[in-house]
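Taking it in order: structure first as C-alpha cells, then the write-up.
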Amino acid sequence: MAVAEKPVPFLDLQAATEELRSEIDGAIAGVLDRGWFLLGEELSRFETEFAEVCGATYAVGLGNGLDALVLSLRALDIRPGDEVVVPSNTYIATWLAIAAVGATPVPVEPDPLTYNMDPDRIVASITSRTRVIMPVHLYGQPAAMDRIVGIARAHGLKVVDDAAQAHGATLGGRPVGSLADVTAWSFYPGKNLGALGDAGGVTTDDPEIADRIRVLRNYGSRVKYVNDVQGVNSRLDDLHAAVLRVKLRHLRVWNARRDAIAARYSSALCATPFVLPTVMPGAGPCWHLYVIRTPLRDALREFLDAEGIQTLIHYPIPPHLQTAFARSGWSPGAFPIAERIAREAVSLPIGPQLTPAQVDRVISTLIAAAHSLG
C-alpha cells in the first residue's frame with residue numbers, strides 16, 4: 001500500500017526554529033541569566049544591529065507592527081481631521097493605524113503589475129488635509145519609493161512606509177528601512193525576520209522622531225514615574241530581542257533561499273496561464289510571499305489542497321469592504337483593482353526551510369492543475 005506524501009506546508013515555523021535551536025536556546029538563556037527583561041542590553045543591541053542592516057541611524061523596538069504604525073503617526077502629530085494616503089490593496093493594519101489616531105485613510109489603487117500603491121494615482125488623492133503618504137511594501141516587493149517620496153516632498157508631506165513584509169528588501173541598492181521619514185516593522189513570527197510572538201519596531205534617520213517614539217512606547221516617560229506625554233505600553237522585550245538578534249544574523253541567507261525558490265517558480269511556471277509576480281527594475285524583493293493570480297483561484301486552491309499543497313490568500317477582503325470601515329461608505333466596485341486582486345490572488349509556499357523536492361512538488365502540481373482546470 002502506497003504511503004501518502006506529507007503535506008507541503010505554507011510555512012514551517014517549527015523547522016525554522018529547529019535550524020537555529022542551539023543559538024536561540026543560548027540567547028534565551030543569556031537573558032534569563034542576566035535577569036533583565038525590559039529595555040535592557042539585548043534590546044539596545046538589537047536596535048543598533050537592525051538599524052545598521054536597514055541603513056538607518058535609529059531603530060526603536062516596539063510591542064507589535066500595528067503599534068509601530070500608530071506610534072509613527074503619533075510621532076508626526078497626525079490627528080483627527082488629517083488625511084493619510086494609503087493603498088487600497090493592503091492588510092487592514094495599515095488602515096487601522098490611521099483610524100487609531102483619528103485620521104482618515106484615503107485609498108489609492110495599486111499598480112496591477114506590482115500590487116503596490118500606484119504613484120500615478122497619488123497626486124489626485126492629495127487635498128489640503130493630507131499630511132502623510134503611507135506606502136506598503138506588499139509581499140516583500142519594494143514600493144516605488146523614489147517617486148512616492150518625490151511627490152511627498154513636492155507637497156510638503158511626510159512618508160511613513162509599512163515594511164511589515166519587507167525585511168531585507170532593497171530598492172536601487174538601498175535597503176528598505178532607509179527610504180522614508182519613518183519605517184514601521186512587524187516581527188510577527190511568520191515574517192522574514194520573526195520573533196517568537198508579537199513584536200515590532202521602527203527605523204528612522206530623524207533623532208526627534210526616534211526620541212518621541214521611545215517616549216511614547218514607555219508610558220510617555222523618559223524618567224520613571226515622570227510622564228511627559230500620554231504614552232502607551234509597547235516595549236519590545238529582551239527575550240524577543242535576543243531571538244531576533246539570532247535570526248538577524250541569518251536573514252540574508254534565508255532571504256537568498258526565498259529568492260532561489262521564487263526564481264524556480266517563475267522559470268517553471270512561465271508557460272502556465274497563471275499571472276506571476278513582476279519585479280520592477282532596481283527592485284530587490286525579499287519574497288515574503290510569492291503570489292500568483294487566476295480567475296479560477298478557489299478551484300486551484302481545492303486542487304492543490306487535495307494534493308497536499310498548502311496555500312493562503314493575502315488578502316480575501318480589501319479594507320474598504322471590511323465591516324470595520326463600513327461607515328466610510330465604500331461599496332463594491334469602489335476600488336476594482338484591489339477587489340480583483342482579492343478575488344484572484346493565492347500565495348504559494350516559499351518559506352526558507354522548503355526543500356528542493358517540496359518546491360518541485362509544488363511546481364508539478366501547479367502544472368497539473370493548469371491542464372486540469374483549463
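One is the number of the first residue; the rest follow in order along the sequence.
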For Leu62 and Leu71: C-alpha separation, side-chain torsions, deciding distance, then whether side chain to side chain contact (heavy atoms under 4.5 Å, CB included) applies.
CA-CA 9 Å; Leu62 301 168; Leu71 296 187; 3.9 Å; yes

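- Contact record, Ala75 with Leu216: N-CD1, 4.2 Å, taken as the closest heavy-atom pair.
- Looking at every heavy atom in both residues, Ile341 comes nearest to Pro110 through CD1-CG, 3.9 Å.
- Across every non-hydrogen atom of Leu354 and Pro349, the tightest pair is CD2-O, 3.6 Å.
- Under the 3.5 Å distance criterion, the side-chain polar atoms of Thr365 are matched with a main-chain donor or acceptor of Arg361.
- Here the side chains of Ser372 and Phe303 are in contact, with some heavy-atom distance below 4.5 Å.
- Using a 4.5 Å cut-off on side-chain heavy atoms (C-beta onward), Asp237 and Phe37 make no contact.
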Given the rule in the side chain to side chain contact (heavy atoms under 4.5 Å, CB included) test, do Gln165 and Tyr188 qualify, once you have shown the distances and angles that lead to the verdict?
CA-CA 10 Å; Gln165 301 181 357; Tyr188 179 79; over 6 Å; no

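- With Phe187 as reference, Leu193 is the one residue of Leu248, Leu193, Leu196 to meet the side-chain contact (heavy atoms from CB on, under 4.5 Å) rule.
- Among Arg235, Arg245, Arg217, the one residue that satisfies the salt bridge (charged side-chain N to carboxylate O under 4.0 Å, His left out) test with Glu47 is Arg217.
- You'll find the side chain of Val132 stays beyond 4.5 Å of the side chain of Leu157, heavy atoms only.
- Using a 4.5 Å cut-off between side-chain heavy atoms of Ile, Leu, Val, Met, Phe, Trp and Tyr, with links allowed through other members, Val243 and Leu236 fall into different hydrophobic clusters.
- Put simply, Val346 and Trp287 are part of the same group of oily side chains (I, L, V, M, F, W, Y) that touch within less than 4.5 Å, one to the next.
- Residues Trp95 and Val86 are in side-chain contact: their nearest non-hydrogen atoms beyond the backbone lie under 4.5 Å apart.
- Comment: Arg212 does not engage Asp77 in a salt bridge, judged by the lack of any side-chain N to carboxylate O separation of less than 4.0 angstrom.
- In summary, Arg147 and Asp120 engage in a salt bridge, as defined by a charged side-chain N under 4.0 Å from a carboxylate O.
- One finds a salt bridge joining Asp211 and Arg222 here, because a Lys/Arg side-chain nitrogen approaches an Asp/Glu carboxylate oxygen to under 4.0 Å.
- When side chains are defined from C-beta on, Val275 does not count as touching Ile292, because their heavy atoms never get closer than 4.5 Å.
- A 4.5 Å side-chain heavy-atom check between Leu366 and Leu348 finds at least one atom pair inside the cut-off.
- Val226 approaches Ser221 most closely through the heavy-atom pair O-OG, 2.9 Å.
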Would Glu109 and Asp118 count as a side chain to side chain contact (heavy atoms under 4.5 Å, CB included) here? Give the steps.
CA-CA 6 Å; Glu109 286 272 68; Asp118 187 345; 5.8 Å; no

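- The cluster map of Ile, Leu, Val, Met, Phe, Trp and Tyr, joined by side-chain heavy atoms under 4.5 Å apart, puts Tyr91 and Met117 in different clusters.
- Note: Arg258 CZ to Ile350 CD1 = 6.5 Å, rounded to the nearest 0.5 Å.
- Taking a 6.0 Å sphere around CD of Glu18, one finds it holds more than 12 heavy atoms contributed by other residues, nucleotides or ligands.
- The pair Asp82-Arg79 does not meet the salt-bridge criterion, since no charged nitrogen lies less than 4.0 angstrom from a carboxylate oxygen.
- Residue pairs meeting the side-chain hydrogen bond (donor to acceptor under 3.5 Å, both in side chains) criterion with at least one partner in residues 189-204, sequence neighbours excluded, are Trp185-Thr203, Asn192-Asn255, Asn192-His288.
- Counting heavy atoms from C-beta on, the side chains of Arg264 and Ile363 come closer than 4.5 Å.
- Here the CD1-CG distance, from Ile28 to Asp238, works out to 12.5 Å after rounding to the nearest 0.5 Å.
- Taking the side-chain hydrogen bond (donor to acceptor under 3.5 Å, both in side chains) definition, one finds that Asp67 meets it with Asn64, Ser234, sequence neighbours left out.
- Proximity of a side-chain donor or acceptor of Thr355 to a complementary backbone N or O of Gln358 within less than 3.5 Å is detected.
- By the 6.0 Å contact criterion, CZ on Arg34 is enclosed, its count of non-hydrogen atoms from other residues, nucleotides or ligands being greater than 12.
- Cluster annotation: Leu276 and Val359 are assigned to the same hydrophobic cluster (Ile/Leu/Val/Met/Phe/Trp/Tyr, side-chain heavy-atom contacts under 4.5 Å, transitive).
- Summarising the local packing, CZ of Arg340 is surrounded by 12 or fewer heavy atoms from other residues, nucleotides or ligands at distances under 6.0 Å.
- Here the OG1 atom belonging to Thr294 is positioned 12.5 Å from the CZ atom belonging to Arg343, to the nearest 0.5 angstrom.
- In this view, Thr104 satisfies the side-chain hydrogen bond (donor to acceptor under 3.5 Å, both in side chains) rule with no residue, not counting sequence neighbours.
- For Glu307, the side-chain hydrogen bond (donor to acceptor under 3.5 Å, both in side chains) criterion is met by no residue, not counting sequence neighbours.
- Placement of Leu239 and Trp36 in two distinct hydrophobic clusters is found when ILVMFWY residues are connected by side-chain heavy-atom separations under 4.5 Å, directly or transitively.
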For residues 317-326, tabulate all N or O donor-acceptor pairs below 3.5 Å that involve a side-chain atom, not counting sequence neighbours.
residue, atom, partner, partner atom, Å
His320, NE2, Glu339, OE2, 2.8
Gln322, NE2, Ile317, O, 3.2

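- Classification of Glu49 and Arg45 as a salt-bridged pair fails, no side-chain N sitting under 4.0 Å from a carboxylate O.
- Annotation: the span from Arg214 atom CZ to Ile209 atom CD1 amounts to 11.5 Å, rounded to 0.5 Å.
- Between the side chains of Glu19 and Trp254, a donor-acceptor pair is found at a separation under 3.5 Å.
- Here the closest non-hydrogen pair linking Ala152 and Val159 is CB-CG2, 3.4 Å.
- Salt-bridge formation is not detected for the pair Arg301/Asp305: no Lys NZ or Arg NE/NH1/NH2 atom is positioned less than 4.0 Å from an Asp or Glu carboxylate oxygen.
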Would you check, one step at a time, whether the test side-chain hydrogen bond (donor to acceptor under 3.5 Å, both in side chains) holds for Thr278 with Tyr115?
CA-CA 9 Å; Thr278 298; Tyr115 309 134; over 6 Å; no

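- Within the 4.5 Å cutoff, the side chain of Val84 has no heavy atoms near those of the Arg131 side chain.
- A salt bridge between Arg153 and Asp181 is present, with a side-chain N of the basic residue lying under 4.0 Å from a carboxylate O of the acidic one.
- To the nearest 0.5 Å, atoms CD (Glu208) and CG (Leu76) are separated by 11.0 Å.
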Taking only distance into account, with no hydrogens and no angle test, what donor-acceptor pairs under 3.5 Å do side-chain atoms of residues 133-146 form with protein atoms, sequence neighbours excluded?
residue, atom, partner, partner atom, Å
His137, ND1, Ala143, N, 2.9
His137, NE2, Asp161, OD2, 2.9
Tyr139, OH, His314, O, 3.1

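- Between Lys247 and Glu23 there is no salt bridge, since no side-chain N of the basic residue sits under 4.0 Å from a carboxylate O of the acidic one.
- For the atom pair Gln353 CD and Leu11 CG, the distance stands at 7.5 Å (nearest 0.5 Å).
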Please evaluate residues Arg74 and Ile213 with respect to the criterion side chain to side chain contact (heavy atoms under 4.5 Å, CB included), reporting the C-alpha separation (whole Å), side-chain torsions for both, the decisive distance (0.1 Å), and the verdict.
CA-CA 8 Å; Arg74 286 193 61 185; Ile213 294 175; over 6 Å; no

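- Ser72 and Val182 get closest at one heavy-atom pair: OG-CG2, 3.6 Å.
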